[in-house]
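Data block below; observations after.
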Amino acid sequence: MKWIVITLLSCICSVAVAQKIDASLAAAITNMEKDVQFTHAILSLYVVDTKTGKIVFDKNAQVGLAPASCQKVVTSVSAFEMLGKDYKYKTSFLYGKELHLYDLNHILILGSGDPTLGSWRYKSTIDTFIFSKIYNQLKKLGIAKIGGILILNFLSDNNPVPDG
């Protein structure tokens, strides 16, 4: 009889704790939604008990939302961990004859996957800035005409970007 009472009490406590977490999360979300900063926000939260697989809390879990700033933080931290704090993408612009490619008077662009190259967000990576620098350098070298542009954009064999 003692074991039955203990078992029943532990079940009641478990349910009470689960309901307490659910109620606490609901109250916290409701409180956050009242904040003026969240006037035009849509919140989504889905919490599952990892031991039982049961849903502890579900608010807008089926609503498709744009990635939030917290996802950017995870991405940035992952890149920092995988690439290192001193990692810099390198894009080389070379003139074909400098590479002893016979009469090939092409510009060779050797890329490394730089996500900022050509971005309007950074003055030093916008296309007009880059082409202006290339033009000025060719002019300094006395090159008036090029045969074309070859673009080789590859990552090294020790690719730090995970598959998928």
Side-chain angles (χ1 to χ4, degrees), residues 21 25-26 28-164:
I21 292 170
L25 287 170
I29 293 289
T30 301
N31 193 30
M32 236 180 4
E33 289 175 322
K34 290 178 184 175
D35 190 307
V36 178
Q37 296 177 58
F38 286 91
T39 301
H40 302 288
I42 298 172
L43 301 173
S44 176
L45 182 63
Y46 187 73
V47 180
V48 178
D49 185 327
T50 57
K51 292 179 184 170
T52 65
K54 291 184 180 181
I55 299 168
V56 176
F57 186 81
D58 180 354
K59 167 108 177 147
N60 295 330
Q62 298 301 315
V63 176
L65 301 174
S69 294
C70 56
Q71 185 175 358
K72 295 173 198 161
V73 170
V74 171
T75 304
S76 299
V77 169
S78 298
F80 185 79
E81 279 293 316
M82 295 174 78
L83 301 173
K85 67 178 184 168
D86 297 322
Y87 183 82
K88 290 183 181 179
Y89 288 98
K90 181 178 179 184
T91 302
S92 300
F93 296 86
L94 307 163
Y95 183 63
K97 287 185 179 176
E98 293 173 331
L99 299 172
H100 309 291
L101 297 174
Y102 309 102
D103 292 328
L104 184 64
N105 61 344
H106 284 55
I107 292 177
L108 294 147
I109 302 174
L110 302 175
S112 63
D114 185 350
T116 64
L117 186 62
S119 172
W120 56 269
R121 292 178 185 266
Y122 308 101
K123 183 181 176 186
S124 64
T125 66
I126 60 174
D127 54 356
T128 52
F129 181 82
I130 292 169
F131 288 131
S132 175
K133 286 191 75 146
I134 293 170
Y135 173 79
N136 289 334
Q137 191 60 36
L138 290 173
K139 195 173 176 181
K140 280 183 190 176
L141 294 170
I143 300 166
K145 185 177 179 181
I146 60 169
I149 298 175
L150 298 173
I151 301 171
L152 301 172
N153 191 13
F154 57 88
L155 297 171
S156 62
D157 288 341
N158 63 347
N159 185 356
V161 181
D163 293 336

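In this text the structure is predicted, and so the values were computed from the model without any measurement.
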### Query
Could you go step by step and tell me if Leu110 and Phe93 meet the side chain to side chain contact (heavy atoms under 4.5 Å, CB included) rule?
CA-CA 6 Å; Leu110 302 175; Phe93 296 86; over 6 Å; no
### Query
Which atoms form the tightest heavy-atom contact between Ile126 and Trp120, and what is the distance?
CG2-CA, 3.5 Å
### Task
Heavy atoms only: give me the nearest Tyr46-Ala61 pair and the separation to one decimal.
CD1-CB, 3.5 Å
Nearest 0.5 angstrom please: [X] [atom1] to [Y] [atom2], how far?
X	Y	atom1	atom2	result
Ile29	Lys59	CD1	NZ	7.0 Å
Phe80	Thr75	CZ	OG1	15.0 Å
Lys123	Thr128	NZ	OG1	9.5 Å
Ile134	Ile146	CD1	CD1	8.5 Å
Phe57	Ile21	CZ	CD1	12.0 Å
Tyr89	Leu83	OH	CG	5.5 Å

pair [X]-[Y]: side-chain heavy atoms closer than 4.5 Å:
X	Y	value
Val56	Val48	no
Asp58	Leu45	no
Val63	Ser44	no

Any donor and acceptor pair, going by atom type alone, linking the side chain of [X] with main-chain N or O of [Y] inside 3.5 Å?
X	Y	answer
Thr125	Thr116	yes
Thr91	Gly111	no
Asn60	Leu43	yes

### Query
Given the rule in the side chain to side chain contact (heavy atoms under 4.5 Å, CB included) test, do Asp49 and Ile55 qualify, once you have shown the distances and angles that lead to the verdict?
CA-CA 6 Å; Asp49 185 327; Ile55 299 168; over 6 Å; no
### Task
Inspect the surroundings of CD1 in Ile42 and state if more than 12 heavy atoms from other residues, nucleotides or ligands are less than 6.0 Å away.
no
